[in-house]
Amino acid sequence: MPRVLMCPPSHYAIRYEINPWMKITHTVNPAAARRQWDALSSLLRRLGVSVTLIPQRKGSPDMVFTANAGIARGRTFIPSHFRYRERQAESAAFTRFFKRKGYRVVDAAKGLYFEGEGDLLSYRDMLWGGFRYRSELSAHEKVSAALGKRLVSLELAQPRFYHLDTCFFPLDERTILYYPGAFDAYGRRVIRRFAENPVAVGKADAHRFACNAYRVGRKVVLNEVSRALKRRLHALGYQAAETPTSEFVKAGGSVKCLLLKL
Ligand code: ARG
């Protein structure tokens, strides 16, 4: 049974601007955010996902984006080191949580910026790391070495797609969905070369966080996207399970950012 960690949005808000999506004046509707989050977590549970919860720290409005907590593999947790001071207090809360759950905490990225699963994703026997805006390439080297995995590094090239999971979605062993506009020519070449079936997502869908998705069996959970993309998924043997995340897009995140794989 797949397991994820989520954080209910008890103190979610836009209190600062650390990526181009965030505008303090573009306020969150807390009730709507709660509804969207509840719908997402119930949908995951209905699909058979076990959802573990961590309470939100009062002074950490972005803590709902648990993908950035670090990386959990087996009983080991590798904590992140946030680039921006605004999110740094989350680290202690996440680390305390994992320790209490009996995980071994290995600080593989010590002294380096590393934003967890937001920037480091598995595809086949490789880890794919996105660097530049948040995580550092050398952090991914250290984490991959600690996990004994080969690393493929991709430089992110567009500030709106500041985390790898905003523009890169390994759907299964064959297919990677990605937004070409978020990478440079070299990055696009690397993706096309290593992925058996690279599928380019269009600009409008990318801006709706179509790549910020989570697959459970034959279902792909994601924000509302175009009919064309849904047809594309269908042709690949999958069904889109849309769930609105507009309140979280205001902070620059969607489905995949709101969960951490356990
Ligand atoms: N406002 C958050 C930030 O800028 C959003 C994080 C989104 N998370 C992700 N995995 N892409 O840090």
Side-chain angles (χ1 to χ4, degrees), residues 4-9 11-28 30 33 36-37 40 54 56-57 59-72 78-91 93-94 109 113-122 127-136 139-140 143 154 156-170 177-179 182-183 201 205-215 221-223 245-262:
V4 300
L5 176 68
M6 293 184 73
C7 173
H11 306 287
Y12 170 60
I14 313 286
R15 300 218 183 291
Y16 47 76
E17 300 175 359
I18 57 170
N19 69 54
W21 302 89
M22 302 176 90
K23 295 282 167 267
I24 291 175
T25 49
H26 194 199
T27 51
V28 163
Q36 293 184 347
W37 188 93
L40 169 62
I54 181 171
Q56 185 168 19
R57 254 191 103 248
S60 294
D62 271 337
M63 193 173 162
V64 294
F65 300 110
T66 51
N68 301 122
I71 296 271
I78 302 179
S80 56
H81 296 283
F82 286 94
R83 166 87 54 175
Y84 292 106
R85 187 185 36 79
E86 287 85 342
R87 293 197 68 183
Q88 286 168 359
E90 294 175 36
S91 294
F94 282 122
Y113 292 124
F114 170 54
E115 296 204 354
E117 218 172 59
D119 272 332
L120 194 60
L121 299 165
S122 298
L127 284 174
W128 293 62
F131 66 96
R132 179 166 173 178
Y133 300 108
R134 298 300 183 86
S135 303
E136 292 177 83
H140 291 155
V143 174
L154 296 171
L156 300 172
Q158 236 250 63
R160 279 203 177 258
F161 299 92
Y162 56 95
H163 276 140
L164 185 63
D165 70 359
T166 62
C167 50
F168 184 89
F169 172 46
L177 264 59
Y178 73 109
Y179 174 48
F183 300 93
V201 166
D205 279 324
H207 280 78
R208 276 182 230 133
F209 281 80
C211 296
N212 201 251
Y214 178 64
R215 178 176 71 81
V221 181
L222 77 185
N223 190 23
T245 59
S246 53
E247 290 298 324
F248 299 96
V249 168
K250 291 176 180 175
S254 183
V255 169
K256 161 68 184 56
C257 306
L258 290 167
L259 54 90
L260 176 71
K261 291 172 199 141
L262 296 178

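Counting starts at 1 for both ligands and their atoms, in listed order.
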*For atom 9 (C) of ligand 1, find the nearest protein heavy atom and state the residue, atom name and distance (0.1 Å precision).*
Cys257 SG, 2.8 Å

*Is the shortest N/O to N/O distance between Thr166 and ligand 1 below 3.5 Å?*
no

*Please name the pair of heavy atoms, one in Met63 and one in Cys7, separated by the smallest distance, quoted to 0.1 Å.*
O-CB, 3.6 Å

*Between Asp165 and Lys256, is there a side-chain N and carboxylate O pair less than 4.0 Å apart?*
yes

_Spatial distance of atom OG (Ser254) from atom CG (Asn212) [nearest 0.5 Å]_ = 5.0 Å

*What is the distance from atom CZ of Arg132 to atom CG of Leu154, rounded to the nearest 0.5 Å?*
13.0 Å

*Specify side chain, backbone, both or neither for Glu117, according to which of its non-hydrogen atoms lie closer than 4.0 Å to ligand 1.*
neither

*Output, in order, the C-alpha distance, side-chain angles, deciding distance and verdict of ring-ring contact (aromatic ring centres under 6.0 Å, His included) for Phe169 and Tyr214.*
CA-CA 8 Å; Phe169 172 46; Tyr214 178 64; 8.5 Å; no

*At a non-hydrogen distance cut-off of under 4.0 Å, which region of Met22 contacts ligand 1 (side chain, backbone, both, or neither)?*
side chain

*Distance from atom 2 (C) of ligand 1 to nearest protein heavy atom, with residue and atom*: Asp62 OD2, 3.3 Å

*Applying a strict 4.0 Å limit to heavy atoms, is Arg134 in contact with ligand 1?*
yes

*Atoms in ligand 1 with a heavy atom of Gly118 nearer than 4.0 Å*: 10 (N)

_Nearest 0.5 Å, please: how far is CG in Asn223 from CZ in Phe209?_
8.5 Å

*Any atoms of ligand 1 less than 4.0 Å from a non-hydrogen atom of Ile18? List them with their elements.*
3 (C), 4 (O), 12 (O)

*Angle class for the Trp21/Phe161 ring planes (parallel below 30°, perpendicular above 60°, tilted otherwise)?*
perpendicular

*Between Tyr178 and Trp128, is the ring centre distance below 6.0 Å?*
no

*With distance as the sole criterion, is a donor-acceptor pair present between the side chains of Tyr16 and Asp62 under 3.5 Å?*
yes

*For ligand 1, is there an N or O atom under 3.5 Å from any N or O atom of Asn212?*
no

*asked:* I need the minimum non-hydrogen distance between His81 and Glu115, along with the two atoms involved.
replied: O-CG, 4.4 Å

*Do me a favour and list the nearest non-hydrogen protein atom to atom 8 (N) of ligand 1 with residue, atom name and distance?*
Asn68 OD1, 2.9 Å

*Is it the side chain, the backbone, both or neither of Tyr84 that has a heavy atom closer than 4.0 Å to ligand 1?*
neither

*Does Glu115 approach ligand 1 within less than 4.0 angstrom via side chain, backbone, both or neither, non-hydrogen atoms only?*
neither

_Closest protein heavy atom to atom 5 (C) of ligand 1, given as residue, atom name and distance to 0.1 Å_ = Tyr162 OH, 3.3 Å

*Under 4.0 Å from a heavy atom of Gly252: give me the atoms of ligand 1 that qualify, with their elements.*
7 (C)

*Among all protein heavy atoms, pick the one closest to atom 12 (O) of ligand 1 and tell me residue, atom and distance.*
Arg87 NH1, 2.7 Å

*What protein heavy atom sits nearest atom 10 (N) of ligand 1, and how far away is it?*
Asp165 OD2, 2.8 Å

